[in-house]
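Worksheet: the structure to be examined is printed underneath.
The chains referred to below are lettered A, B, ... by the order of the sequence lines, with proteins before strands, and numbering in each begins at 1.
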2 protein chains.
Amino acid sequence: MTELNQVDNNALSARQREILKIVIEAYTEAAVPVGSNTIRHYGHLDVSTATIRNELVVLEELGYLTQPHTSAGRVPSVKGYRYFVECLMDQIELPLAEQRMIRHQFHQLQLNLDQWMRLTAAILAHNTQAASVITPPYGKLIRFRHLELISINDNLVLLVAVLQDGSIHQEMLIPAEPLVQELLSQYANRLNVLLAGKTAGDVRVTTPDEGTWEPFESTVVQCLADLMSTSEANRPTSFYTEGLENMLLEPEFTASEKFRQVILMLQQHSLLELILPRVVDANGIQIIIGNESDTTQLDDVSLVLSPYGVHGRALGMLGVIGPMRMAYGRAIGTVRYMAQLLNSLLNDVYGGESLAP
Amino acid sequence: MTELNQVDNNALSARQREILKIVIEAYTEAAVPVGSNTIRHYGHLDVSTATIRNELVVLEELGYLTQPHTSAGRVPSVKGYRYFVECLMDQIELPLAEQRMIRHQFHQLQLNLDQWMRLTAAILAHNTQAASVITPPYGKLIRFRHLELISINDNLVLLVAVLQDGSIHQEMLIPAEPLVQELLSQYANRLNVLLAGKTAGDVRVTTPDEGTWEPFESTVVQCLADLMSTSEANRPTSFYTEGLENMLLEPEFTASEKFRQVILMLQQHSLLELILPRVVDANGIQIIIGNESDTTQLDDVSLVLSPYGVHGRALGMLGVIGPMRMAYGRAIGTVRYMAQLLNSLLNDVYGGESLAP
DNA sequence: GAATAGCACTCTGTAGTTTGGACTGCTAAG
DNA sequence: CTTAGCAGTCCAAACTACAGAGTGCTATTC
């Protein structure tokens, strides 16, 4: 058995894996470097501390652990965390009672994506004691579905556009001359027929069956096309965050400079530019630990993120941001459940065939 | 001259005012208790430090200054700041060049309240190096203006409602049985005629001229009334914040616990419940310094807030949150300008007579 | 050869002490 | 009223001493 493990130089023995797991779990709890004594008592390991120390040296040489200084305990490295989440971690599913409670909270809401997102953010933050993040779902190649033109006053028209990913957009337009509601409704009808099911590009080049657009119709088409391409430009303009205050409770962030980087990153939306595409293109949960991302801004945090949405049509991202020593098991369980829940909610609502191209 | 001041025991002599002003300005800059020596050089005061010290004792006895400990310099008290903003402060108007630049940024946006609010928050935060806050404007007694019903799919109808304060609301409804768009449009027309100009309460009790509502019409009326009363419940559900990271740069917030309180307060929306009514009911800029508010959560910060909106119809709040030693002059100048700017933008758009009841 | 007991060594964090400096308040003189 | 001078207070930074936690190594046991 043991020999088998030693054939492959990079493989860890069962005992080494056990020790690595204990180090990570203990460090996650206490945020203090873990020494051989702690390890021995934590997991009822029946070997002496000297033996454990020998193994620690090996684990350190292999890069799974680091030592802040001689004569301190060990701290997991990024490589250590990575190995942990891939091979050692106990998968935690959200307890059924909790699942039921969460579903209950959702059923008390109306059919409003915004409210769903807020609740999701709140639950994620509360459940993981970390900061949470959620973007709205956005489509890749969105088709037009329906528009309305509403006269607000003589100088102002409200354009409401519904796209096939279920998103709703509103924009104010200023007509060159006052237009009565009746005329606006005519325009809307004509446009609805002509543009139905078209993509942004097609919308832009559409012309009427005969004659040309009225000036205001041109404005509307132009605005609609812009709005659709922006939506496609794979960057939701906003996202919700909750639970930032949780991070301030962690010892590694009381130093405030690291925390400041996190806040900055959230406010600059660099998360969206850098991480979102990666999460949405993957399928399943993405775990990004410390410097595995390409930004130094994220060097001191870990992310557990999942795509969600109506598959093939509109995808968003949700997840949590926490210290590298976050409770990955719990975080993953919660993120996975929330993503599934939103998936099914969205599919119930927007998933009917009638939305298909 | 001097005697005149001394007649009233509570009035400060010109020199005392000068000294108080210097203390506050120096403390605002350096965040370090201010001693008699600093005062002498800061303002080219032509008296000895001993004289200044005598005056400091008086100012302290009157409650304008405090001493962190014997043999430290003086720090302004809440009363001191209050006197400063009311009597001593140099009013700063935003430089014209800056005003122009800001207007320019706004003109590049579309007619979209959301975008205006974001830009405002960004400008406020950047300009004052503090955190900024802005709520949407909300009405007190809102009247119905227009609605549209849009069929999303067989089981889903989108209700878009425009109210007379210019706000737009959307809600998803599930009809008991599938309804075609044509029928929905009929419903919408009928409702638009019957409900035009009504308040939430009136909407709720409206019945058709003859017969009764169709079941789905009832649903719509119900939903509309709910939505309008929520809007009136004088609590915007959301607001924007920017520049939180600025606060972390201030020495008083690196201690993180105070900062945590600020974040908590923002996320719990207690700002809305506690402060918003007070700001909106007042007219003009409100300055709240430290414990002048009723929440201990705000004890360590100051707020400079202003109402904005279409007067008598829809009001919101905007402003900044910073340390008590914030640069009040600059903050007030910026807040005032942004409020005026939004006022005029909103009035241009929503202010036409056609919106009047 | 793997596991272990024992021991010397290293490093940190904390508590106690010292010292320099920045102020103040008071007093007496201008 | 103003000011120079001075003694006294308090803090913050620097230094020292020390206990505690933990390691790595070596000699020994199984």
Side-chain angles (χ1 to χ4, degrees), chain A residues 1-7 12-16 18-20 22-23 26-27 29-62 64-76 251-252 254-255, chain B residues 1-7 12-16 18-20 22-23 26-27 30-62 64-77 251-252 254-255:
Chain A
M1 293 292 249
T2 341
E3 291 88 42
L4 190 82
N5 280 328
Q6 291 182 331
V7 171
L12 300 181
S13 72
R15 192 168 64 193
Q16 285 165 345
E18 167 103 32
I19 290 177
L20 178 53
I22 293 175
V23 170
Y27 187 65
E29 267 182 38
V32 164
V34 185
S36 48
N37 242 305
T38 316
I39 295 173
R40 188 149 110 109
H41 294 93
Y42 192 99
H44 315 97
L45 216 54
D46 253 355
V47 288
S48 75
T49 58
T51 309
I52 295 176
R53 282 202 291 280
N54 289 333
E55 298 286 35
L56 287 176
V57 171
V58 177
L59 285 169
E60 188 172 353
E61 278 167 359
L62 292 175
Y64 293 103
L65 298 175
T66 58
Q67 222 174 353
H69 57 85
T70 349
S71 89
R74 297 320 203 278
V75 168
E252 45 266 80
T254 46
Chain B
M1 291 294 249
T2 341
E3 292 87 43
L4 189 83
N5 279 328
Q6 292 183 327
V7 171
L12 300 180
S13 71
R15 192 168 65 194
Q16 286 163 345
E18 166 104 33
I19 290 176
L20 178 55
I22 293 175
V23 170
Y27 187 65
V32 164
V34 186
S36 48
N37 241 304
T38 316
I39 296 173
R40 188 150 111 107
H41 293 93
Y42 192 99
H44 315 98
L45 216 53
D46 254 355
V47 287
S48 75
T49 57
T51 310
I52 294 175
R53 281 200 292 279
N54 290 332
E55 298 284 36
L56 287 175
V57 172
V58 177
L59 285 168
E60 189 172 354
E61 279 166 358
L62 291 174
Y64 294 102
L65 298 176
T66 59
Q67 221 174 354
H69 57 86
T70 348
S71 89
R74 295 328 202 274
V75 169
S77 66
E252 44 266 78
T254 47

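- Inter-residue side-chain proximity for A:Leu56 and A:Glu60 is flagged as unmet; no heavy-atom pair is nearer than 4.5 Å.
- From A:Ile19, atom CD1 reaches atom CZ of A:Arg53 across 11.5 Å, with rounding to the nearest 0.5 Å.
- Under the side chain to side chain contact (heavy atoms under 4.5 Å, CB included) rule, A:Pro76 has a single partner from A:Val23, A:Thr66, A:Val34, A:Leu59, which is A:Val23.
- Comparing A:Ser36 and B:His69 by the nucleotide of DNA chain D whose heavy atom lies nearest to each, the residue mapping closer to the 5' end is B:His69.
- Comparing C:dA5, D:dA4, D:dT23 by their nearest atom to the side chain of B:Ala50 picks out D:dA4.
- Contact annotation: B:Thr70 side-chain N/O to D:dC10 OP1/OP2 distance is under 4.0 Å.
- One interatomic measurement links the two molecules: CG of B:Asn37 to P of C:dC23, which rounds to 7 Å at whole-angstrom precision.
- Between C:dT10, D:dC11, C:dT4, one nucleotide has an atom nearer to the side chain of A:Asn54 than all others, and that is C:dT4.
- In this structure, CD of B:Glu55 is placed 11 Å from P of D:dT3, rounded to the nearest angstrom.
- When distances are taken from the side chain of A:Ser48 to each of C:dT10, C:dA5, D:dT3, the shortest belongs to C:dA5.
- In this structure, CG of A:Leu56 is placed 11 Å from C1' of D:dG22, rounded to the nearest angstrom.
- To the nearest angstrom, C1' of C:dC23 lies 12 Å from CD of B:Glu60.
- Between B:Thr51 and D:dT3 there is a side-chain N or O to OP1 or OP2 distance below 4.0 Å.
- A:Leu65 has its CG atom 15 Å from the P atom of D:dG22, to the nearest Å.
- Between B:Arg74 and C:dT24, a side-chain N or O to OP1/OP2 separation shorter than 4.0 Å is present.
- Residue B:Arg40 places none of its side-chain N or O atoms closer than 4.0 Å to OP1 or OP2 of D:dT3.
- Atom pair A:Ile39:CD1 and D:dG22:C1' shows a separation of 11 Å (rounding to whole Å applied).
- Nucleotide C:dA22 holds its C1' atom 14 Å from the NE2 atom of B:His41, rounded to whole Å.
- Whole-Å rounding puts the A:Gln67 CD to D:dG24 P distance at 5 Å.
- Between the CG atom in A:Leu45 and the CD1 atom in A:Ile39 there is a gap of 8.5 Å [rounded to 0.5 Å].
- Residue side chain A:Ser71 reaches the base of C:dT10 through a donor-acceptor N/O pair under 3.5 Å, judged by distance alone.
- Note: A:Ile22 CD1 to A:Tyr42 OH = 8.0 Å, rounded to the nearest 0.5 Å.
- Below the 3.5 angstrom threshold, one finds a donor paired with an acceptor across the side chain of A:Arg53 and the base of C:dG6.
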